[in-house]
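Report on the structure given below.
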Amino acid sequence: MQFKKDGIEFHIPDRPTVRQQLSYISATTGVDPERHLERLWNGAKSLIENWQCDLFKLDVNLDEVSSPKIVELITWASIQVKVYINNLEDIPKN
């Protein structure tokens, strides 16, 4: 699956393996609400392939950058992956 927006492009597997899905779930679950978006980002990174972004690298140290645009793109990418994973078993509409 390909995702594109404002100078960012990446892929995740169309059908993540069970191990990949478990890794994603492990990275994104937790009880600390203050870390929710960070967990979603870490989960997304576990599935992302072919990351292309001029603004930052996939392994950017979040403690060393301060751009609100990075926050926006990380949030967008994290939510796109979450929605995709949550809908893996949806039946396509005719």
Side-chain angles (χ1 to χ4, degrees):
M1 181 68 179
Q2 179 178 359
F3 299 90
K4 269 184 168 180
K5 173 187 172 143
D6 299 335
I8 183 174
E9 181 178 342
F10 65 92
H11 299 82
I12 62 170
D14 288 334
R15 294 296 300 174
T17 66
V18 168
R19 183 175 306 282
Q20 288 173 312
Q21 291 178 56
L22 290 172
S23 176
Y24 175 83
I25 292 167
S26 294
T28 59
T29 55
V31 295
D32 184 1
E34 288 108 25
R35 300 276 186 203
H36 180 69
L37 280 173
E38 286 179 54
R39 289 193 308 271
L40 288 180
W41 176 236
N42 287 329
K45 289 192 308 182
S46 75
L47 295 174
I48 288 175
E49 302 170 343
N50 303 320
W51 177 262
Q52 297 175 26
C53 181
D54 293 334
L55 188 58
F56 65 101
K57 295 182 181 188
L58 190 60
D59 62 352
V60 65
N61 182 336
L62 300 179
D63 293 321
E64 295 178 359
V65 292
S66 60
S67 170
K69 185 66 175 176
I70 293 175
V71 173
E72 176 189 332
L73 293 176
I74 285 174
T75 301
W76 175 81
S78 301
I79 291 171
Q80 295 304 306
V81 172
K82 177 181 176 17
V83 168
Y84 185 76
I85 293 298
N86 287 347
N87 295 319
L88 278 176
E89 294 301 323
D90 282 0
I91 299 171
K93 296 179 183 177
N94 292 333

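Position 1 is the first residue of the sequence, and the numbers go up from there. Basis for what follows: all heavy atoms, side chains included, without hydrogens, waters or symmetry-related copies. Note that this is a predicted model, so its numbers are computed, not measured.
With sequence neighbours left out, the side chain to side chain donor-acceptor pair (under 3.5 Å) criterion links Thr17 to Gln20. Asn61 pairs by the side chain to side chain donor-acceptor pair (under 3.5 Å) definition with Glu64, not counting sequence neighbours. Scored by the side chain to side chain contact (heavy atoms under 4.5 Å, CB included) test, Val83 finds Ile79, Asn87 as partners (sequence neighbours excluded). Here Glu49 pairs with nothing under the side chain to side chain donor-acceptor pair (under 3.5 Å) rule; sequence neighbours left out. Remark: Lys5 pairs with Glu72 by the salt bridge (charged side-chain N to carboxylate O under 4.0 Å, His left out) rule, at least two apart or across chains. The side chain to side chain donor-acceptor pair (under 3.5 Å) check on Arg15 picks up Glu89, with sequence neighbours excluded. Shown here are the salt bridge (charged side-chain N to carboxylate O under 4.0 Å, His left out) partners of Arg39, two or more places apart in sequence or in another chain: there are none.
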TODO: Apply side-chain contact (heavy atoms from CB on, under 4.5 Å) to the pair Asn50 and Glu9, showing each step before the final yes or no.
DONE: CA-CA 8 Å; Asn50 303 320; Glu9 181 178 342; over 6 Å; no
Open item on the list: Tyr24 vs Leu40, test: side-chain contact (heavy atoms from CB on, under 4.5 Å). Steps then yes/no.
Closed with: CA-CA 8 Å; Tyr24 175 83; Leu40 288 180; 4.0 Å; yes
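Counting heavy atoms from C-beta on, the side chains of Thr28 and Ile85 never come closer than 4.5 Å. Counting only heavy atoms from C-beta outward, the side chains of Leu55 and Ile8 never approach each other to under 4.5 Å.
Distance check, rounded to the nearest 0.5 Å: SG of Cys53 to CG of Leu58 gives 9.5 Å. Rounding to the nearest 0.5 angstrom, the gap separating the NE2 atom in His11 from the NZ atom in Lys4 is 8.5 Å. Here CD1 of Ile74 is found 9.5 Å from OG of Ser67. Values are rounded to the nearest 0.5 Å. Separation of atoms CG (Leu22) and OG (Ser46) is listed at 10.5 Å; rounding is to 0.5 Å.
Placement of Leu62 and Leu37 within a single hydrophobic cluster is found when ILVMFWY residues are connected by side-chain heavy-atom separations under 4.5 Å, directly or transitively. The hydrophobic clustering, which links ILVMFWY residues whose side-chain heavy atoms are closer than 4.5 Å, places Phe3 and Val60 together.
Residue pairs satisfying the salt bridge (Lys or Arg N to Asp or Glu O under 4.0 Å) criterion with at least one member in residues 21-31, sequence neighbours excluded, are absent. For residues 28-65, the set of pairs meeting the ring-ring contact (aromatic ring centres under 6.0 Å, His included) definition, not counting sequence neighbours, comprises Phe10-Trp51, Trp41-Trp51, Trp51-Phe56. Annotation: ring-ring contact (aromatic ring centres under 6.0 Å, His included) contacts involving residues 66-85, sequence neighbours excluded, are absent.
Under a cut-off of 6.0 angstrom, the local environment of CG in Asp54 is sparse, with at most 12 non-hydrogen atoms contributed by other residues, nucleotides or ligands.
Asp14 and Leu88 make their closest contact through O-CD2, 4.0 Å (heavy atoms, listed as atom of the first residue, atom of the second, distance).
In this structure, the side chain of Thr75 engages the main chain of Val71 through a donor-acceptor pair within 3.5 Å.
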